[in-house]
Undergrad: 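I have a structure I would like to understand better, so I am pasting it below and will then ask my questions one at a time.
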Amino acid sequence: MRTVGVAGVKFDVVDTKGGRVRVECAGVPPQMFREGIGVVVEGTMTREGHFAGNRLMVSHGNEYRAPSEHDKVDIKNLIQSTEGLDEKDGGAR
């Protein structure tokens, strides 16, 4: 992986079967972007043989686990975790 100037990155995406695609993205990569992390890249395959990305997203290991019937739910903590969300779209205000 190598950064391109201040905003931009070039890297290879490798699948589990050894397939490899060169990706070149403009813009600043997400903070969590690093070697070995899963990515989703939106863009176009070029005639030169690389993928020109215009949006780069990283995959993370956070998994939601619903509480079981026997788990104690901390209501105050749950309410605090929703503060600042817009009721219409669930996004931050």
Side-chain angles (χ1 to χ4, degrees):
M1 171 177 55
R2 129 179 131 87
T3 56
V4 180
V6 174
V9 65
K10 292 182 182 182
F11 59 96
D12 291 338
V13 172
V14 181
D15 67 18
T16 57
K17 297 181 181 178
R20 182 177 301 266
V21 175
R22 183 69 173 174
V23 177
E24 296 182 10
C25 285
V28 177
Q31 242 183 342
M32 290 177 51
F33 182 70
R34 67 186 185 310
E35 191 170 334
I37 195 166
V39 295
V40 175
V41 184
E42 293 177 351
T44 307
M45 194 66 163
T46 67
R47 290 180 187 221
E48 294 79 27
H50 71 272
F51 192 84
N54 52 31
R55 184 172 182 195
L56 172 64
M57 297 167 277
V58 297
S59 176
H60 54 82
N62 292 348
E63 294 181 18
Y64 173 76
R65 181 184 63 85
S68 72
E69 291 181 29
H70 304 296
D71 289 342
K72 184 178 178 184
V73 177
D74 182 355
I75 297 298
K76 286 184 181 181
N77 190 21
L78 184 62
I79 291 170
Q80 286 177 344
S81 71
T82 62
E83 289 178 1
L85 296 180
D86 186 356
E87 292 179 15
K88 288 183 186 176
D89 59 12
R93 290 184 212 191

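Residue numbers count from 1 along this sequence. Keep in mind that what you see is a predicted model, and the values were worked out from it rather than measured. All values below were derived from every heavy atom in this structure, side-chain atoms included, with hydrogens, water molecules and symmetry-related copies excluded.
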Undergrad: Are Val41 and Val21 connected in a single hydrophobic cluster, I mean Ile/Leu/Val/Met/Phe/Trp/Tyr linked by side-chain heavy atoms less than 4.5 Å apart?
TA: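 Same hydrophobic cluster.
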Undergrad: Table please: side-chain donor-acceptor pairs of residues 48-56 below 3.5 Å, with sequence neighbours left out.
TA:
{"residue": "Glu48", "atom": "OE1", "partner": "Thr46", "partner atom": "OG1", "Å": "3.4"}
{"residue": "His50", "atom": "ND1", "partner": "Thr46", "partner atom": "OG1", "Å": "3.3"}

Undergrad: Under 4.5 Å between side-chain heavy atoms, hopping through other hydrophobics if needed: is there a path connecting Val13 to Ile37?
TA: yes
Undergrad: Among Ile, Leu, Val, Met, Phe, Trp and Tyr joined by side-chain contacts under 4.5 Å, find the other residues sharing a cluster with Val40 and list them by chain and number.
TA: Met57
Undergrad: Quick one: side chain to side chain contact (heavy atoms under 4.5 Å, CB included) partners of Arg47, sequence neighbours excluded?
TA: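 So Arg47 forms no side chain to side chain contact (heavy atoms under 4.5 Å, CB included) with any residue.
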